[in-house]
2 protein chains.
Amino acid sequence: MTTLKDIAHLAGVSTATVSRVMNGKGEASPQTIQKIQKIIQQVNYHPNRTAKMLSAQKSNLIALLIPNLRNPFFSELVQQIEQAANRQGYQIYLCNSEDNRQKVEYYLETMQDNYVAGAIIDSLFVEQMDLDQLEQRHIPTVTIDRTHLKHPYAALNVDHLQGEYLATKSILQHQKQAQLVFLSGPVGEQSSQDRYQGYLKAIQEFGATSLGILYGDFTYESGYQQMTQFLQQHTDLQGVVCSNDAMAVGALRACQDHQLRIPQDLQLVGYDNTRLGKFTNPRLSTVQQFGINYFDLIIDELTKQQKQQYWLTPQFIARESTYGGKND
Amino acid sequence: MTTLKDIAHLAGVSTATVSRVMNGKGEASPQTIQKIQKIIQQVNYHPNRTAKMLSAQKSNLIALLIPNLRNPFFSELVQQIEQAANRQGYQIYLCNSEDNRQKVEYYLETMQDNYVAGAIIDSLFVEQMDLDQLEQRHIPTVTIDRTHLKHPYAALNVDHLQGEYLATKSILQHQKQAQLVFLSGPVGEQSSQDRYQGYLKAIQEFGATSLGILYGDFTYESGYQQMTQFLQQHTDLQGVVCSNDAMAVGALRACQDHQLRIPQDLQLVGYDNTRLGKFTNPRLSTVQQFGINYFDLIIDELTKQQKQQYWLTPQFIARESTYGGKND
DNA sequence: TAATTTTACGTAATCGGTTACATTTAATTT
DNA sequence: AAATTAAATGTAACCGATTACGTAAAATTA
């Protein structure tokens with residue numbers, strides 16, 4: 001590997017001079033600058049990032065802690081955030097915790113080792129203690145959807161209750177006395193619990209009935225499986241409210257396997273507005289949590305540390321899996 | 001940050017001793033071992049990875065270079081490989097090139113800076129030169145589906161021609177004189193070109209007709225858009241052969257928007273066997289490139305350097321979007 | 001021309017670890 | 001008890017950068 005020292009040798013100067021030239025800091029005569037730059041070109045030298053990190057005690061990495069990549073919502077999130085980060089000269093240090101507390105701990109430790117410029121936290125299993133530690137280490141943090149956690153940095157909060165209320169309402173507006181079921185994420189998952197409350201609120205408001213709550217794990221497979229099982233025992237269902245799009249797609253297929261027409265026999269809504277939703281048959285009505293412009297904002301928060309709290313207003317997107325939907 | 005030096009101070013020994021104890025290398029008296037371990041526990045010390053990397057000139061990172069994350073094939077690949085890597089104590093250094101040569105170059109450079117233990121290369125825009133460089137730097141490499149590139153390490157090759165031949169055949173077997181169209185990846189994309197050849201081979205063999213080739217970019221959106229456009233000009237189509245599942249899903253929706261029943265009016269096949277395929281309506285017939293057990297093998301190749309060449313035999317998976325399909 | 005200020009560059013410490021080698025101390029051997 | 005060997009630990013160089021500080025050379029001023 002070509003090092004600073006090599007360049008210094010070749011140019012007949014000290015490493016300090018080369019370093020200064022590379023970073024445009026301090027003084028250097030035009031001749032030396034030229035000579036050094038020429039050599040750098042010739043041997044295609046580029047400074048070692050690891051050494052740089054250690055020396056500077058900082059990096060251009062932004063940690064992105066997510067629970068998994070199975071839920072398309074997160075793979076889309078990763079893409080969007082990565083692009084926004086790149087635009088501002090940052091790289092993403094992807095911390096996929098695989099729904100596993102141990103991995104969360106591992107990544108929280110290695111974030112520090114990697115001298116990350118900031119952390120974006122969107123994961124269950126992150127506790128107050130962890131955020132306190134990040135704060136103590138002066139790692140700017142943006143939490144996404146971790147409303148119950150406290151820290152002095154920025155937070156993007158999502159009103160799940162309101163979102164699912166809107167979604168559920170969209171079903172009930174066309175069928176006030178409908179019997180519905182709620183397809184939730186894993187037991188204990190806060191966002192799903194909040195969404196469940198929104199679902200219940202709409203049900204009460206319209207005097208409709210909830211036939212229960214099903215627990216999936218945000219995958220197509222679990223949506224399909226839970227719904228299939230449910231339909232074996234219930235025939236009097238008019239609507240399914242799902243805690244994410246992927247499960248909605250699974251549930252949709254399960255309903256169709258039971259010869260139910262969507263939305264005529266049964267209305268169905270997803271959540272998250274993942275790209276797939278526009279291409280299912282029928283197209284999926286869903287809830288949009290945040291628009292594409294929020295990702296740059298997240299990176300800005302980390303780098304400029306404006307330390308704002310955002311409350312995002314979810315929007316219902318009507319498509320074909322509920323009445324009143326339209327193509328888009 | 002707690003450092004080795006801190007521990008050494010607390011224990012009243014030198015950093016060398018602490019390092020030895022931490023790594024179980026060299027000799028140390030039972031008392032010192034105990035004392036040091038106790039302190040490490042107390043202050044929750046863990047060695048800095050960056051410093052370790054620099055010092056040891058190696059890391060537990062495996063670079064995974066992919067073209068993008070938009071194609072679900074790749075997001076599923078990332079998950080699988082990450083899990084396999086984790087099982088063997090490695091972390092993934094995700095290099096998402098965003099279909100961009102510059103980023104490929106950036107990542108190839110930083111791989112070296114990160115002292116990666118190996119690289120998994122599955123990306124267009126990687127040239128022979130790049131692999132030569134990796135070889136020169138002694139970075140063990142596994143290429144996936146880069147048949148035309150030469151290097152002394154392991155390679156997983158996929159017979160795209162055969163895969164698409166099987167897929168096309170499955171359509172033609174039930175409708176020998178069908179008129180088909182091929183929905184390809186971007187112009188110049190090698191795997192799509194190979195698949196196109198397989199498609200043509202089956203067409204010739206059955207005396208069927210190809211109405212042309214459409215170029216998408218492996219996204220739902222492009223599949224939908226290309227197919228919609230095509231259907232505005234053609235009404236005599238009996239089959240669509242797609243170069244990946246995501247475009248197939250988009251194309252499927254486009255066909256359905258044109259009131260075509262699948263598979264009765266028109267048969268359609270995807271490629272890659274992504275998870276979604278089991279949940280579309282109709283379920284998607286597709287081609288499986290490699291099974292789940294291949295991911296551990298890839299990591300093994302990197303760490304044990306068996307330097308094998310693999311040719312994977314693609315398998316056609318019949319579902320409901322072609323005749324002769326069945327649920328699974 | 002001598003004194004002073006600027007400019008250009010080198011020396012050496014530092015980041016947080018690892019490790020070859022030297023040294024001290026303890027245990028064995030004669 | 002002296003000599004030898006083995007065990008325990010310390011010293012210092014190193015990985016590849018950055019940077020505070022010092023010094024030599026050049027430019028400016030007196």
Side-chain angles (χ1 to χ4, degrees), chain A residues 1-37 39-40 43-61 109-117 137-139, chain B residues 1-37 39-40 43-61 109-117 137-139:
Chain A
M1 184 170 350
T2 321
T3 70
L4 238 209
K5 210 186 267 175
D6 298 331
I7 306 294
H9 251 115
L10 289 171
V13 298
S14 75
T15 59
T17 304
V18 180
S19 178
R20 272 187 228 111
V21 169
M22 290 237 35
N23 299 295
K25 286 181 188 171
E27 332 268 343
S29 78
Q31 300 99 299
T32 12
I33 294 185
Q34 263 214 323
K35 184 167 59 177
I36 291 175
Q37 282 180 339
I39 295 175
I40 286 173
V43 304
N44 186 31
Y45 168 75
H46 73 111
N48 182 299
R49 301 228 153 207
T50 300
K52 212 165 180 166
M53 268 164 63
L54 184 59
S55 177
Q57 302 269 291
K58 71 176 186 204
S59 75
N60 73 334
L61 293 173
E109 271 182 4
T110 53
M111 276 179 202
Q112 189 184 16
D113 289 356
N114 284 317
Y115 300 104
V116 295
R137 294 169 180 174
H138 305 103
I139 297 180
Chain B
M1 183 171 350
T2 320
T3 71
L4 239 207
K5 211 185 267 175
D6 298 332
I7 306 295
H9 250 115
L10 289 172
V13 297
S14 76
T15 60
T17 304
V18 179
S19 178
R20 271 186 228 113
V21 168
M22 289 238 36
N23 300 293
K25 286 179 186 172
E27 333 268 344
S29 78
Q31 299 99 301
T32 12
I33 294 185
Q34 264 214 323
K35 183 168 55 179
I36 291 175
Q37 282 181 337
I39 293 175
I40 286 173
V43 302
N44 187 29
Y45 167 75
H46 73 112
N48 181 301
R49 300 228 153 207
T50 299
K52 213 164 179 166
M53 267 163 62
L54 184 60
S55 176
Q57 301 269 288
K58 69 176 189 203
S59 75
N60 73 334
L61 293 172
E109 272 181 3
T110 52
M111 276 179 201
Q112 189 184 15
D113 289 357
N114 283 317
Y115 301 102
V116 295
R137 293 170 181 173
H138 305 104
I139 298 180

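Labels below follow one simple rule: chain letters A, B, ... track the order of the sequence lines, proteins then strands, and each chain is numbered from 1.
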Checklist entry - What string of B, S and - do you get for nucleotides 6-11 of chain C, 5' to 3', if B is base contact, S is sugar-phosphate-only contact and - is no contact with any protein heavy atom under 4.0 Å? => result --SBBB
Set of residues satisfying side-chain contact (heavy atoms from CB on, under 4.5 Å) with respect to [X], sequence neighbours excluded:
X     : result
B/I40 : B/I7, B/M22, B/I36, B/Y45
A/E27 : none
A/Q34 : none
A/D6  : A/T2, A/T3

Next on the checklist: Counting C-beta onward and ignoring hydrogens, is there a side-chain heavy-atom pair between A/I39 and A/H9 closer than 4.5 Å?
Outcome noted: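 No - every pair of side-chain heavy atoms lies 4.5 Å or more apart.
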Provide, to the nearest angstrom, the distance between the [atom1] atom belonging to [X] and the [atom2] atom belonging to [N].
X      : N      : atom1 : atom2 : answer
A/N114 : C/dC15 : CG    : C1'   : 15 Å
B/H46  : C/dT18 : NE2   : P     : 13 Å
A/K5   : D/dA17 : NZ    : P     : 10 Å
A/Y115 : D/dT18 : OH    : C1'   : 13 Å
B/M1   : C/dG16 : CE    : C1'   : 8 Å
B/I7   : C/dT18 : CD1   : P     : 12 Å
A/Q112 : C/dG17 : CD    : C1'   : 15 Å
A/R137 : C/dG16 : CZ    : P     : 13 Å

Nearest non-hydrogen partners of [X] and [Y], listed with the distance:
X      : Y      : answer
A/S14  : A/A8   : C-CB, 3.7 Å
A/A117 : A/S59  : CB-O, 3.7 Å
B/R137 : B/E109 : NH1-CA, 4.4 Å

Item to check | Inter-residue atom distance A/K58.NZ - A/N60.CG, 0.5 Å rounding | outcome: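 Reported to 0.5 Å precision, the distance equals 10.5 Å.
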Next on the checklist: Just verifying a value: how many Å separate B/L61 CG and B/M111 CE, rounded to the nearest 0.5 Å?
Outcome noted: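 If we round to the nearest 0.5 Å, B/L61:CG and B/M111:CE are 11.0 Å apart.
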Item to check | B/T32: partners by side chain to side chain donor-acceptor pair (under 3.5 Å), with sequence neighbours left out | outcome: B/S29
Checklist entry - Listed by chain and number, what are the side chain to side chain donor-acceptor pair (under 3.5 Å) partners of B/T15, not counting sequence neighbours? => result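 None.
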Next on the checklist: So if I take the C1' atoms of five pairs at each end of the helix from C/dT1-D/dA30 to C/dT30-D/dA1 and get each local axis, what angle do the two axes make, rounded to 10 degrees?
Outcome noted: 60°
Item to check | Proximity to DNA chain C (any heavy atom under 4.0 Å), residues of residues 49-59 of chain A only | outcome: A/L54, A/S55, A/Q57
Using atom types as modelled, flag every donor-acceptor pair under 3.5 Å from a side chain in residues 50-57 of chain B to any protein atom, sequence neighbours excluded.
{"residue": "B/T50", "atom": "OG1", "partner": "A/D113", "partner atom": "O", "Å": "2.5"}
{"residue": "B/Q57", "atom": "NE2", "partner": "B/L54", "partner atom": "O", "Å": "3.1"}
{"residue": "B/Q57", "atom": "NE2", "partner": "B/Y115", "partner atom": "OH", "Å": "3.2"}

Check whether any side-chain N or O of [X] sits under 4.0 Å from OP1 or OP2 of [N], and answer yes or no.
X     : N      : value
A/S19 : D/dA17 : no
B/N48 : C/dC15 : no
B/K25 : C/dT19 : yes
A/Y45 : D/dA17 : yes

Pairs under 3.5 angstrom, nitrogen or oxygen only, protein versus nucleotides 26-29 of chain C, please.
none

